[in-house]
2 protein chains.
Amino acid sequence: MPTPKRTTVYDVAREAGVAASTVSRAFSNPRRVNGATRRHVLEIAERLGYHPNPLATALQSGHTATVAMLVPDIANPHFFGPIRGAERRATAADITFMLGFTEESADTERDKIERLARSVDGFVLASSRMPEATTAELAREHNLVLIDRQVEGLPSVVVDNAAGSRQIVDHLASLGHRSLVYLSGPHISWLAGERWRALSAGAEERGMTATRLGPFPPQVAGGGAAADAALVSGATAVVAHNDLLAIGILRRLAERGVSVPEQISVVGYDDIFGADFCVPALTTLAGPQEESGRAAVEILLTKGSTRPSDDGPRRVVLPSHLVIRDSTGPAPE
Amino acid sequence: MPTPKRTTVYDVAREAGVAASTVSRAFSNPRRVNGATRRHVLEIAERLGYHPNPLATALQSGHTATVAMLVPDIANPHFFGPIRGAERRATAADITFMLGFTEESADTERDKIERLARSVDGFVLASSRMPEATTAELAREHNLVLIDRQVEGLPSVVVDNAAGSRQIVDHLASLGHRSLVYLSGPHISWLAGERWRALSAGAEERGMTATRLGPFPPQVAGGGAAADAALVSGATAVVAHNDLLAIGILRRLAERGVSVPEQISVVGYDDIFGADFCVPALTTLAGPQEESGRAAVEILLTKGSTRPSDDGPRRVVLPSHLVIRDSTGPAPE
DNA sequence: CAACATTTGGCAATCGCTTGCCATGCCGTC
DNA sequence: GACGGCATGGCAAGCGATTGCCAAATGTTG
């Protein structure tokens, strides 16, 4: 067991010939101590290899200089971007970044929040699975920022699913498709609702029919059932809840000898790793993923410093754009 | 700012009519307090919604009940497995799991270790990029367990690259290949060295020639240069440092009209997400990835409780197996 | 030069919990 | 019936920082 008895403020104070409080202030409140004294203290600290104990600091001050991000599933490449963006932003601000997984479960999510509550200054919740009421309730006790989810009264960062879904519809319409089916993700997923709403509204506008099927697990494995359901529906275009599902669908269709996009077009959401090299390459809605993580942490960081209710919680909506690849084509006939 | 003045041991103690120490022990040292008293205390605690403050606990006891895992790059799907395995094992033991990224930099890695040192009980370092000396030095002050890396005197978990690489060689040899080229990852990567060592030894045994080219960045983007280098070398089989690179190579070869596996065979390592649906599907060395993360945390957890040097640091070697898909075939001619 | 404002540093309390040590009460035992 | 042993609970001293308040030193002003 390495337990090398780290140096403390007191060690530094003694060595520098000042009080512990001065050492503390030299680090955390520079303007409160004389420049010369400060330099001296810092030099001694350096020499002794002193680093403030973050636990002690946090215990006393109430600030942990740490933020946590919770994502449903580590295995979904979609979260790469947000995670990376959040991590970088936090690190840049000298804030410790912590990542946790909720295994797609609202209970796990809640548990983790409760358990980490005292150890972090705030949470970034990506694609939170918790019901609105729970989220709102937790938000009263904790600093929360949502990604890809909106809840009344809470700050959030989302990519523009409404506009993006319209782009999908327009794309399909322009290719002559008269109908589409949305292969939905979990019904508790806010995103699934949003996407469906936008797709069906867009479809109506274009005089297309839209159907929602599902729910399907938003994973590659969910693609089998989803593909079969789509086939039996007779639609010429399917929009999958996300790329994972879309890739699963492509595989299943290939297996069944259905050619994409000749017989059926497939669209996904997220533009994940692999969307460009699956076959056929996937047409999908892309967004500034990394930016969403960055923005979420940004909000968390400013939150502490500004007045709570300057003008409501911040809601960031990031632009999205359709990446057209090979999985969509003219409607058959 | 949510700052709702949480309940403390003292609140519970007062309410339960016992001393704070008893409350503390009711939670952390059950056998030290009478069963009935304990139940009573816990009930009060429950009612008051009391949760021990992990910071205070850690500060006093020196144990944080937290482990951190550091990986070079969140965007490499290879780490899914280990991360998930580690997270699950930790969570199962009621240990908080923390994930950090080192951006493929030894300095960042070291920094993060130093900065998290007081906040965690130990580190799982996946594919650590630090030089041996640095690692060994850090290990004197911190609890470290390595994944996919071995350093004298440190506990580690690796998949069996030696045996696996032999499988690759044998597979290629059986297909009639007389030469192979290894498109190497970063030279500071321990894995790159191991793999090359095993490949060249195996090749020699089978009377094949082996060449090492590179280093190439172990990412899809590195595949372009790697593929071109492979082509000019004239080899009939290429073994890429990892699947990311292999996928990049496949793309480049396709771009150049080189057919795989007819003209050249391609093999990767890791069996990552996407290896099965890229085209052609990738032949690659798979291992029990999740298990490696699990095992690493396991070691970390037992480390505290057992005597330091019962019989040297634990070294776990996990079996690997070759998954043969469509990117390898008979040698041309 | 006196009176007052401003810096600057120190004292000591505090954050919430753990834990070594002691006191008490109860049991069994000779 | 006296005594040793064990189970149980309380006291109080930390863990390593931060911070409100005070005092000394220094600077400013009329």
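Numbered from 1 within each chain, the chains take letters A, B, ... in sequence-line order. Any value given below was found using the heavy atoms of this structure, including those in side chains, with hydrogens, waters and symmetry copies removed.
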Compare the minimum distances between each of [options] and the side chain of [X], then state the nucleotide with the smallest one.
X     : options                : result
B:S24 : D:dA17, D:dG9, C:dT18  : C:dT18
A:S61 : D:dT18, D:dA17, C:dC17 : D:dT18
A:V9  : C:dG16, D:dA17, D:dG9  : D:dA17

Find the distance [X]:[atom1] to [N]:[atom2] and express it as a whole number of Å.
X     : N      : atom1 : atom2 : result
A:N29 : C:dT7  : CG    : C1'   : 13 Å
A:H63 : D:dT18 : NE2   : P     : 11 Å
B:R38 : D:dT8  : CZ    : P     : 13 Å
A:L59 : C:dT14 : CG    : P     : 14 Å
B:D11 : C:dC17 : CG    : C1'   : 13 Å
A:Q60 : D:dT18 : CD    : C1'   : 4 Å
A:R31 : D:dT19 : CZ    : P     : 14 Å

Non-neighbouring partners of B:D73 that pass side chain to side chain donor-acceptor pair (under 3.5 Å), sequence neighbours left out: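 Side chain to side chain donor-acceptor pair (under 3.5 Å) list for B:D73, sorted by chain: A:R84.
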Qualifying residues under side chain to side chain donor-acceptor pair (under 3.5 Å), relative to B:T108, sequence neighbours excluded: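 Partners of B:T108 by the side chain to side chain donor-acceptor pair (under 3.5 Å) criterion, ordered by chain and then number, come out as B:S105.
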Worksheet item: Nearest 0.5 Å, what's the CD1-CG distance between A:I299 and A:N143?
Response: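 Going from CD1 on A:I299 over to CG on A:N143, the span is 11.5 Å.
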query: So how far is it from A:R129 CZ to A:L70 CG, rounded to the nearest 0.5 Å?
result: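 Output value for this atom pair is 12.0 Å.
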Mind checking what makes side chain to side chain contact (heavy atoms under 4.5 Å, CB included) contact with [X], not counting sequence neighbours?
X      : value
B:T134 : B:R110, B:M130, B:P131, B:L138
A:L99  : A:M69, A:V71, A:I83, A:F97, A:F101, B:L99, B:F101
B:P288 : B:V159, B:E291, B:L318, B:P319
B:E298 : B:R89, B:R294, B:T302

**Asked** Of A:N34 and B:F27, whose nearest nucleotide on DNA chain C comes first from the 5' end?
**Response**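 First, find each residue's nearest nucleotide; the 5'-ward one identifies A:N34.
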**Message:** Both B:V23 and A:T37 contact DNA chain C. Taking the nearest nucleotide for each, which residue is further toward the 5' end?
**Reply:**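 Closer to the 5' end of DNA chain C: A:T37.
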Item checked: Check: B:E109 and B:S128 side chains under 4.5 Å, non-hydrogen atoms ->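 Yes, at least one pair of side-chain atoms sits under 4.5 Å.
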| said: Tell me if the centroids of the rings in B:F80 and A:F80 come within less than 6.0 Å of each other. | reply: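 Yes, the ring centres sit under 6.0 Å apart.
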Check: Are B:R115 and A:D94 close enough for a salt bridge, meaning some N to O gap below 4.0 Å?
Finding: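 Salt bridge flag = yes for A:D94 with B:R115.
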Going through the checks in order, is the side chain to side chain contact (heavy atoms under 4.5 Å, CB included) test met by B:D121 and B:T66?
CA-CA 6 Å; B:D121 291 337; B:T66 303; 5.8 Å; no
- Query: Heavy atoms under 4.0 Å, any strand shown: does B:T57 hit a base, just sugar-phosphate, or nothing?
  - Reply: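 Result for B:T57 = sugar-phosphate.
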ask   = Going through the distances and angles, do A:F123 and A:L116 end up as a side chain to side chain contact (heavy atoms under 4.5 Å, CB included)?
value = CA-CA 9 Å; A:F123 294 91; A:L116 290 178; 3.9 Å; yes
Strictly under 3.5 Å: I want the nitrogen or oxygen pairs between protein and nucleotides 21-23 of chain D, one per line.
| residue | atom | partner | partner atom | Å |
| --- | --- | --- | --- | --- |
| D:dC21 | N4 | A:R32 | NH2 | 3.4 |

* Axis-to-axis angle across the helix from C:dC1-D:dG30 to C:dC30-D:dG1, five pairs an end, to 10 degrees? ->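 About 40°, once rounded to a multiple of 10°.
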Going by heavy atoms closer than 4.0 Å, what residues in residues 41-55 of chain A are next to DNA chain C?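 Nucleic-acid contacts, sorted: none.
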Does B:T22 have a side-chain nitrogen or oxygen under 4.0 Å from the phosphate oxygens OP1 or OP2 of D:dG9?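 So the side-chain polar atoms of B:T22 never come under 4.0 Å of the phosphate oxygens OP1 or OP2 of D:dG9.
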Pairs of donor and acceptor atoms involving the side chains of residues 29-50 of chain A, under 3.5 Å and at least two apart or interchain, shall be tabulated with distances.
| residue | atom | partner | partner atom | Å |
| --- | --- | --- | --- | --- |
| A:N34 | OD1 | A:A36 | N | 2.7 |
| A:R38 | NE | A:A26 | O | 2.8 |

- Message: Applying salt bridge (Lys or Arg N to Asp or Glu O under 4.0 Å), can you list everything that pairs with A:E290, at least two apart in sequence or on another chain?
- Response: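 A:R88.
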Can you tabulate the close N/O pairs, meaning under 3.5 Å, that link protein atoms to atoms of nucleotides 23-27 of chain C?
none

- Base C:dC11 to side chain A:S21, donor-acceptor N/O within 3.5 Å cut-off: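 Per atom types, the contact qualifies.
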